[in-house]
Peer 1: 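The structure is given below, and queries will be raised subsequently.
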Amino acid sequence: MKNIILGACLLAALASAGCKKKKTTPPPPELSVTLVDPGEAPREPLRYAIPPGTVVRTLLDIRDSEATIEETEDSADAFGVLPGFKLLMHAGPTVPLPKGTRYVLRISKAESVLPEGVTERQMKEVEQGIEALRGMRGRFDLNEQGIVVDADVPWAQGQERIHPRVAITIGNVRSAIATIPLPREPVGIGAVWEVRRPLRIWSARMTQVTRYELTDRVGGRFRVVITVHQTAAPQVADLNPQLEMHVRSYEMHAQGHALADLSLPLALEASLESSSAADIALVSPEKTEPLMAARRSVLRLVSKSER
């Protein structure tokens with residue numbers, strides 16, 4: 001793919017953090033949790049307590065259920081093909097920390113799900129990106145709230161071949177859905193908390209708000225309803241030295257649920273359906289090219305403990 005792909009990095013794919021060439025000081029907490037409603041009494045703290053040696057195998061499947069994109073050959077060449085994909089990941093064995101858990105997350109298998117009508121060149125580019133994901137791994141330190149407080153993810157290998165949107169999606173799944181972040185305060189059924197975080201997709205700035213509602217808890221297992229809302233204000237983003245992306249409007253909304261276990265680093269199951277709409281223009285010295293896009297996607301995640 002063109003220069004736009006050069007901005008993707010494995011650190012974003014697995015850690016949902018910024019690109020960096022070497023690890024220096026520990027990064028700040030990747031997110032903060034705001035309690036909106038404590039829920040009904042009785043209220044108790046939710047805290048992860050993951051036994052040492054825990055291993056979890058997770059299957060992640062994300063694909064478009066519907067997509068409408070008004071584009072030309074130039075815009076398709078700039079953005080590349082956004083594939084659906086299926087990943088088999090392994091987390092663990094876990095190692096206890098003074099106030100949390102350490103684990104290594106590995107992508108042991110990766111497959112692409114391509115839309116109809118792609119060219120042979122586009123198929124090759126997608127496969128190069130999927131191939132770069134296979135075998136990737138990173139170390140994560142979770143605190144008792146399920147928030148990553150430190151990470152070490154080598155990303156040099158294959159960073160230029162991973163589609164930026166795929167990288168951001170995987171990072172979001174890991175931090176917002178695969179491990180449910182928890183509030184500090186005690187909560188009861190009906191409790192609502194949310195996480196607000198900035199994102200960059202290519203170089204466009206976006207805001208994401210993820211909201212969780214506790215609907216059930218039995219012992220260490222709990223269920224939440226999840227809603228995700230992404231928005232972008234009108235802005236100009238650089239795709240490469242010769243091409244700008246003028247964002248007129250962008251919005252994504254997703255809703256679903258997850259079942260998690262406080263003794264596991266990854267959720268047992270999760271399901272999410274999303275819809276997005278974008279109105280942008282690609283601006284080069286020669287011309288301005290409008291682009292409208294709408295997508296509906298489905299996410300499925302299923303985990304199994306192997307301890």
Side-chain angles (χ1 to χ4, degrees), residues 8-17 23 27 30 48-63 83-97 100-113 127-159 161-163 166-182 220-222 256 258-272 298-307:
C9 67
L10 177 63
L11 192 59
L14 290 179
S16 193
K23 184 183 174 188
E30 63 175 358
Y48 287 96
I50 303 170
T54 298
V55 178
V56 176
R57 181 177 62 184
T58 298
L59 179 64
L60 172 64
D61 189 351
I62 301 177
R63 63 187 67 196
F85 54 91
K86 183 182 295 186
L87 304 180
L88 179 62
M89 301 180 289
H90 287 77
T94 56
V95 176
L97 299 175
T101 299
R102 171 173 293 176
Y103 70 91
V104 172
L105 180 66
R106 306 180 305 279
I107 299 177
S108 55
K109 186 176 181 181
E111 299 177 359
S112 63
V113 182
E127 181 54 33
Q128 287 176 343
I130 295 298
E131 180 64 30
L133 289 173
R134 297 182 182 122
M136 293 298 182
R137 63 174 59 202
R139 185 265 297 168
F140 300 95
D141 291 358
L142 287 178
N143 66 12
E144 295 172 332
Q145 288 180 259
I147 296 171
V148 169
V149 294
D150 195 14
D152 186 7
V153 185
W155 56 271
Q157 179 184 1
Q159 62 171 310
R161 302 196 300 272
I162 302 171
H163 196 293
V166 171
I168 293 297
T169 298
I170 296 173
N172 256 341
V173 170
R174 186 202 55 76
S175 62
I177 300 168
T179 304
I180 306 299
L182 304 174
R221 291 194 176 186
F222 64 97
L259 170 65
D261 191 315
L262 294 172
S263 67
L264 300 177
L266 300 179
L268 285 166
E269 62 182 57
S271 176
L272 209 67
V298 177
L299 175 154
R300 297 282 187 271
L301 180 147
V302 179
S303 298
K304 181 179 180 181
S305 173
E306 297 183 345
R307 66 166 182 256

Peer 1: Can you tell me how far apart NZ (Lys304) and CG (Leu264) are? Round to the nearest 0.5 Å.
Peer 2: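 Answer rounded to 0.5 Å: 13.0 Å.
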Peer 1: Closest heavy-atom contact between Ala91 and Tyr103?
Peer 2: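 Of all heavy-atom pairs spanning Ala91 and Tyr103, the closest is CB-CD1, 3.7 Å.
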Peer 1: Could you tell me if the side chain of Thr54 sits less than 4.5 Å from the side chain of Ser263, heavy atoms only?
Peer 2: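 No, too far: nothing below the 4.5 Å cut-off.
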Peer 1: Looking at every non-hydrogen atom in both residues, tell me the closest pair between Leu272 and Gly256 and how far apart they are.
Peer 2: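 Result for this residue pair: CD1-N, 3.3 Å.
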Peer 1: Ignoring hydrogens, what is the shortest heavy-atom contact between Leu301 and Ala178? Give both atom names and the distance.
Peer 2: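 Here Leu301 and Ala178 meet closest at CD1-CB, 4.0 Å.
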Peer 1: Could you pull out all residues at least two apart from Ser303 that satisfy side chain to side chain donor-acceptor pair (under 3.5 Å)?
Peer 2: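 Result, side chain to side chain donor-acceptor pair (under 3.5 Å) vs Ser303: Thr58.
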Peer 1: Would you call the rings of Tyr48 and Phe222 parallel, tilted or perpendicular, where under 30° means parallel and over 60° means perpendicular?
Peer 2: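 Judged by the thresholds at 30° and 60°, the geometry between Tyr48 and Phe222 is perpendicular.
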Peer 1: Please name the pair of heavy atoms, one in Ala110 and one in Leu87, separated by the smallest distance, quoted to 0.1 Å.
Peer 2: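 Closest approach of Ala110 to Leu87: CB-CD2, 3.5 Å.
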Peer 1: Under the 3.5 angstrom rule, does the side chain of Arg106 hit a backbone N or O of Gly92 as a donor-acceptor pair?
Peer 2: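 Side chain of Arg106 to backbone of Gly92, a donor-acceptor pair under 3.5 Å: yes, one is there.
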Peer 1: About how many Å separate CD1 of Ile107 and CZ of Arg137, when rounded to the nearest 0.5 Å?
Peer 2: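 Answer rounded to 0.5 Å: 11.0 Å.
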Peer 1: Rounded to the nearest 0.5 Å, how far does CZ of Arg102 lie from CG of Leu142?
Peer 2: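 Separation between the atoms: 11.0 Å.
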Peer 1: In Å and rounded to the nearest 0.5 Å, what is the CD to CG distance from Glu144 to Leu182?
Peer 2: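 Reported to 0.5 Å precision, the distance equals 10.5 Å.
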Peer 1: Report the distance from atom CD1 of Ile50 to atom CG of Asp261, rounding to the nearest 0.5 Å.
Peer 2: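 Answer for the CD1-CG pair, Ile50 versus Asp261, is 9.0 Å.
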Peer 1: If I compare all heavy atoms of Ala258 with all of Ala270, which pair ends up nearest, and what's the gap?
Peer 2: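 Taking every non-hydrogen atom into account, CB-CB, 3.9 Å.
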Peer 1: Closest approach of Ile147 and Pro181, non-hydrogen atoms and distance?
Peer 2: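 Looking at all heavy atoms of both residues, the closest pair is CG1-CB, 4.4 Å.
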Peer 1: Can you tell me how far apart CE (Met89) and CG (Leu266) are? Round to the nearest 0.5 Å.
Peer 2: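 Reported to 0.5 Å precision, the distance equals 6.5 Å.
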